[in-house]
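This report concerns only the one structure given below.
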Protein chains: 2
Amino acid sequence: MVSPSNLIDRGPSLAEVVARRLSEDIAAGRLKPGEKLPTEQQIAETFGVSRPIVREAVGRLKHDGLVVSRQGAGAFVAESGQASVFRLQVADFTDRDEIHGIIELLMAVESGATELAAMRRTDEDLAMIQTQLDAMQTSIDRGDPGVDEDVAFHRAIVEATKNPFFRDLSDFLDRRVRAFIRAARSNTARRQGSLTRSVQEEHQAIFDAIRDKDAPRARLAAETHLRNAADRLAVYQLS
Amino acid sequence: MVSPSNLIDRGPSLAEVVARRLSEDIAAGRLKPGEKLPTEQQIAETFGVSRPIVREAVGRLKHDGLVVSRQGAGAFVAESGQASVFRLQVADFTDRDEIHGIIELLMAVESGATELAAMRRTDEDLAMIQTQLDAMQTSIDRGDPGVDEDVAFHRAIVEATKNPFFRDLSDFLDRRVRAFIRAARSNTARRQGSLTRSVQEEHQAIFDAIRDKDAPRARLAAETHLRNAADRLAVYQLS
DNA sequence: TATCACCAAGTTGCCTGACAAGTTGATTGT
DNA sequence: ACAATCAACTTGTCAGGCAACTTGGTGATA
């Protein structure tokens, strides 16, 4: 079985290396907002690569909004505030402090979202959340960890915020963080039964608070859920 | 005076257009995680561009972690959870609903951060926050809007969280959102005096709560500050 | 029949060279 | 002093080529 971790690491492409170097120069203040970058030819000579590689590297930074270019004039570090990306740099998911830190962030975003959902949910929203809650129960009764159902449950909640920014950030964090938590749970076949039932009880508490339009209780339920998720992660990692 | 808004919009580069198209295909599920992308040559023919443009476009998606490539084998949609970027797509800062939505997000993140700062701050942290608070007062006394000092104040708070993820996301949101708020305040010379004093009073309340290690009060103070910031924005925009 | 080695075809990674489109600054003419 | 022109430069795109790697098919051997 070939898994990603068994593959020989070929390292980043030249374009990626150059992009990182330039990005570091910008982050370190060696290239200031508004400042002109060296020409493509100069960068190529500086790094000993060809011009298309430089074009690709600079293109990556343009995609991030860190750099803007004008044909004939040059490429410039974008003014502060133009960057359109937030990068979540996690070395791996084995450092407990790192995991704890990122779960704190998830907690802030998700508890805020759950609070808004409690304030704003419509009957349709509530029905959708109920549907996903029931689907997860069905999955648990079948002996499955309910991964897809867990995703859908949280997604239904964040849709009830009626705020696309919460939805997008929550999706992103879901993909990066919750997915890790769920994978850990799924990989722990022996204990998943009782632990997944805890998860469902916490989901139920979240649902109840949203149903009752009780925003503070919803916030607290979401925080409790994630606090417990962090604790459960410790259990998964011990097994 | 040439300002960015006066420049003729030349639209995105071909590479950026292709990158967006492919990114949309992935987001819409037309290209699934693990699925192989068409070859560079096929994509070039599909979009009627040259292969280097395709390479640059795919390179942008690789930079985002959305796509991985293996030399000789092809490029593949990355498995879920590999994407390392969150993109904040704001058309512009003129849509009130959009601004309101993004401030809600800022509120969730910043109130969470302020709460953590209240729980975790050291004496050194507190001294730094005090320094920035005083610097902002000095700026106000001078009749300036205190933009840099405002940045530094909030940065000092988020450093006290001892959580790099909060710091990074807060930095990002600061650059994208708070910067807009500050610019609006700075551009409103006639009213800035009294409104900036309100800002400083709210900063003082945040500081007091952090000093007292009163996490719930810190959260509330941060929320109040941002809620008022949204209200002040309405004032700026009427003038 | 199964396994291994070899090879051709295809694909990504990188380079060279060329030209189009646009910018900038210097020069010239009014 | 101002406007027009032009040369030099820079980004944007393309064409072509070769290196490095992958994949699948074929033939040889045990």
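None of the values given here were measured: they were computed from a predicted structure. Numbered from 1 within each chain, the chains take letters A, B, ... in sequence-line order.
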So, is [X] close to the [N] phosphate, meaning a side-chain N or O under 4.0 Å from OP1 or OP2?
X       : N      : answer
B:Arg51 : D:dT13 : no
A:Ser69 : D:dG12 : yes
B:Arg70 : D:dC21 : no

Practice prompt. For atom CZ of A:Arg21, decide whether the heavy atoms of other residues, nucleotides or ligands shown that lie under 6.0 angstrom number more than 12.
Written response: no

What nucleic acid atoms does A:Lys36 come within less than 4.0 Å of, heavy atoms only: base, sugar-phosphate, or nothing? nothing

- Item | Touch class at under 4.0 angstrom, heavy-atom based, for B:Val58 against every strand present | nothing

May I have the distance from [X] (atom [atom1]) to [N] (atom [atom2]), rounded to whole angstrom?
X       : N      : atom1 : atom2 : answer
A:Glu40 : C:dA21 : CD    : P     : 17 Å
B:Gln41 : C:dA9  : CD    : C1'   : 15 Å
B:Gln71 : C:dA9  : CD    : C1'   : 15 Å
B:Glu45 : D:dA15 : CD    : C1'   : 14 Å
B:Ile53 : C:dA20 : CD1   : P     : 16 Å
A:Glu16 : C:dG13 : CD    : P     : 12 Å
B:Leu14 : C:dA20 : CG    : P     : 17 Å

Next item on the list: Before accepting this row, confirm whether a basic side-chain N of the pair B:Arg20/B:Glu16 lies closer than 4.0 Å to the acidic partner's carboxylate O.
Entry: yes

Taking the basic N atoms (NZ, or NE/NH1/NH2) and the acidic carboxylate oxygens, is any pair closer than 4.0 Å for A:Asp171 and A:Arg178?
no

Result for 5'-nearest mapping on DNA chain C, choosing between A:Gly72 and A:Glu56, is A:Glu56

Which of C:dT12, D:dT11, C:dC14 is nearest the side chain of A:Ser13? It is C:dC14

Practice problem: Look at the aromatic rings of A:His225 and A:His154 and report parallel, tilted or perpendicular, splitting at 30° and 60°. | Solution: parallel

On DNA chain D, more 5' by nearest nucleotide between A:Arg55 and A:Ala73 is A:Ala73

In this structure, CD of B:Glu35 is separated from CG of B:Leu37 (nearest 0.5 Å) by 8.0 Å

